[in-house]
Amino acid sequence: MTAVLTAGTSHPPIAPSRNNFGPEIAGALTSVVGACGVAAGGLGMFGAVRSIHIGWLLPLAGVRLELDPLGGFFMALAGAVAVAVGPYVIGYARRERVGAVSLAVLPAFVAAMLLVPAAGSVTTFVLAWELMAISSVALVLTEHTRPDVRSAALVYAVMTQLGFAAILIGLVVLSAAGHADRFADFGPIPEGVRTAAFGLTVVGFGSKAGLVPLHAWLPRAHPEAPSPVSALMSAAMVNMGVYGICRVDLQLLGPGPRWWGMTLMAVGGVSALYGVVQASVATDLKRLLAYSTTENLGLITLALGASTLFAACGAAGPATIAAAAAMLHLIAHAAFKGLGFLAAGSVLAATGLRDLDRLGGLARRMPYTTVLFGVAALGACGLPLGAGFVSEWLLVQSLIHTAPGHATVLSLTTPLAVGAVALTTGLGVAAMVKAFGIGFLARPRSEEAAGAGEAPVSMLAGMTIAAAACAVARWCGCPACRDRSHPR
């Protein structure tokens with residue numbers, strides 16, 4: 001595939017391309033497709049369930065699209081990330097070598113992501129999932145002439161296909177037991193089939209979400225992909241793994257037994273701790289952000305597991321709060337992680353560097369990018385005024401306000417979960433302080449950093465949109481913060 005959007009770690013910035021027509025079209029299409037996703041997602045969340053069946057598009061089953069509140073939420077979230085990435089792509093691609101094929105794949109990748117939560121049948125879901133996977137692999141291979149890129153793309157392709165195989169087997173077994181292809185038409189599922197489908201789909205969807213131990217592709221593919229692609233993958237695509245868990249494991253197969261919730265909590269807690277530890281020792285800026293994705297998706301999975309366990313134990317109030325925390329953290333993570341990768345891409349385009357030890361001094365040379373990255377870092381810390389604070393606070397509240405009489409298992413699991421969230425937050429602060437302090441403050445530690453210049457207006461516009469989303473994610477939860485009434 002033709003090279004585009006250089007993502008090198010040690011090469012100087014490449015001269016701007018003379019052909020700006022391709023980037024402008026790609027950026028505009030990406031934003032338009034994203035805006036359509038936001039609009040359609042809003043209709044799905046706040047309107048009646050809408051169904052479209054295109055029988056001639058696929059043999060036998062056809063394509064069935066259905067939008068309900070759950071699918072609409074994830075569609076709107078992915079579309080919002082694409083809206084911010086669109087203008088950023090224009091400026092970013094102008095500063096790098098432009099390949100028309102790779103630029104054309106970008107809006108197609110966004111469209112494929114939007115189809116996943118809109119799928120109303122097993123056949124349509126599998127088709128949309130594979131389109132999303134193939135287009136993302138193609139984008140990771142943008143700069144395929146570099147050995148590191150080819151290696152990362154190979155690991156990602158293998159992991160994503162293994163995950164797809166697990167999802168496919170699980171959904172086929174589920175469809176056969178339910179005697180239907182359309183999700184809404186599934187009949188009663190035998191207990192043994194439910195258990196098998198739960199195990200297979202958690203493995204497959206967990207792989208896409210970057211959960212431990214199936215996270216190996218994420219810290220490899222995200223750093224080597226072009227930064228706009230990294231933002232889409234880390235802020236939008238990984239959410240589709242969470243959508244799969246919500247749609248299949250918690251909605252179609254649920255309500256599940258207690259061990260389902262405990263399994264999700266264990267996987268989420270381990271992923272959060274592992275991701276934040278790796279982020280705190282990483283020296284590659286984009287790799288640090290990639291491990292932060294594993295951390296935050298782990299927290300989201302932990303919240304979903306806690307909600308499932310609380311519901312199974314009869315603690316309806318805490319279950320609702322934990323589920324709300326998971327959804328709010330999805331919004332916050334999409335905002336601050338998309339902004340973080342876009343800001344890292346601005347640094348990479350200006351200096352050709354990702355190594356924190358060779359950066360520094362960017363606060364004077366790239367003041368706007370520095371402020372915007374600071375907004376992303378504050379959100380990732382989970383501290384007050386940051387985008388991630390409200391959701392993490394709600395998660396802790398749901399864990400510590402379960403009544404002792406609900407079940408003994410809650411008395412054993414919730415203290416461990418609170419400890420995991422607290423430790424994750426503390427190490428997350430250390431990781432982001434390191435990234436901001438070493439990367440942007442002090443004096444430049446290389447000639448490339450000393451010669452850096454501010455990002456162009458279009459790139460700053462995309463980052464500003466993401467920063468505004470961080471502010472919205474923070475303040476939309478303030479009524480919950482001010483409400484001191486806890487679930488009993």
Side-chain angles (χ1 to χ4, degrees), residues 33-80 82 108-135 163-189 193-194 197-198 200-202 204-205 208-209 236-256 304 323 327 330:
V33 173
C36 291
V38 173
L43 290 175
M45 284 189 288
F46 303 110
V49 176
R50 290 165 170 80
S51 179
I52 300 174
H53 183 245
I54 309 174
W56 56 266
L57 198 55
L58 278 179
L60 300 179
V63 171
R64 184 177 294 277
L65 304 176
E66 293 186 1
L67 263 183
D68 61 2
L70 178 63
F73 172 79
F74 281 89
M75 177 181 283
L77 194 59
F109 172 51
V110 175
M113 281 195 295
L114 298 180
L115 285 176
V116 171
S121 65
V122 171
T123 302
T124 306
F125 183 89
V126 169
L127 174 64
W129 191 272
E130 189 65 357
L131 288 174
M132 177 181 69
I134 293 173
S135 56
F164 175 72
I167 294 170
L168 179 62
I169 294 172
L171 290 181
V172 167
V173 169
L174 187 60
S175 179
H179 306 289
D181 179 59
R182 183 171 175 244
F183 291 136
D185 294 337
F186 279 8
I189 309 296
V193 175
R194 290 176 70 227
F198 173 82
L200 287 167
T201 51
V202 164
F205 294 131
K208 182 61 68 179
M237 187 189 71
V238 294
N239 294 344
M240 296 306 151
V242 178
Y243 168 75
I245 293 174
C246 292
R247 173 68 75 189
V248 177
D249 299 313
L250 303 185
Q251 187 182 74
L252 295 178
L253 296 177
L304 291 175
M327 297 300 106
L330 278 167

Using a 3.5 Å distance criterion without hydrogens, assess whether the side chain of Asp181 forms a donor-acceptor pair with backbone atoms of Thr123. yes

Below 4.5 Å, heavy atoms only, C-beta onward: do Phe109 and Met237 meet side chain to side chain? yes

Heavy-atom pair with the smallest gap, counting every atom of Leu114 and Ala78: CD2-CB, 4.0 Å

Does some side-chain heavy atom of Leu253 sit less than 4.5 Å from a side-chain heavy atom of Leu174? yes

Under a 4.5 Å cut-off applied to non-hydrogen side-chain atoms, are Met240 and Pro117 in contact? yes

Residue pair Arg247 / Asp68, side-chain heavy-atom distance below 4.5 Å: yes

Can you find a heavy atom in the side chain of Val116 that is under 4.5 Å from one in the side chain of Phe74? no

Taking Ala197's backbone N and O only, do any of them form a donor-acceptor pair with Thr201's side chain (distance below 3.5 Å, no angle check)? yes

Nearest-0.5 Å distance, CG of residue Leu77 to CE of residue Met113: 10.0 Å

Quick one, Phe186 with Val122, criterion side chain to side chain contact (heavy atoms under 4.5 Å, CB included). Give me CA distance, side-chain angles, the key distance, then yes/no. CA-CA 11 Å; Phe186 279 8; Val122 171; 3.8 Å; yes

Looking at every heavy atom in both Pro69 and Met45, which two are closest together, and how far apart are they? O-CG, 3.5 Å

Compare every heavy atom of Gly256 with every heavy atom of Arg194, then report the nearest pair and how far apart it is. NH2-CA, 3.9 Å

Gap between atom CG of Leu67 and atom CE of Met75 - 0.5 Å precision: 4.5 Å

Go through it in stages, so that I can follow the logic: the residues are Tyr243 and Trp129, the test is ring-ring contact (aromatic ring centres under 6.0 Å, His included), and I'd like the CA-CA distance, side-chain angles, deciding distance and then a yes or no. CA-CA 12 Å; Tyr243 168 75; Trp129 191 272; 8.5 Å; no

As an exercise, state the distance from CG of Leu168 to CZ of Phe125, rounded to the nearest 0.5 Å. 11.0 Å

Distance (rounded to the nearest 0.5 Å) between Ser175 OG and Ile189 CD1: 8.5 Å

Indicate yes or no: at least one non-hydrogen side-chain atom of Leu115 is less than 4.5 angstrom from one of Leu65. yes

A side-chain contact here means heavy atoms from C-beta on lying under 4.5 Å apart; do Phe73 and Asn239 qualify? no

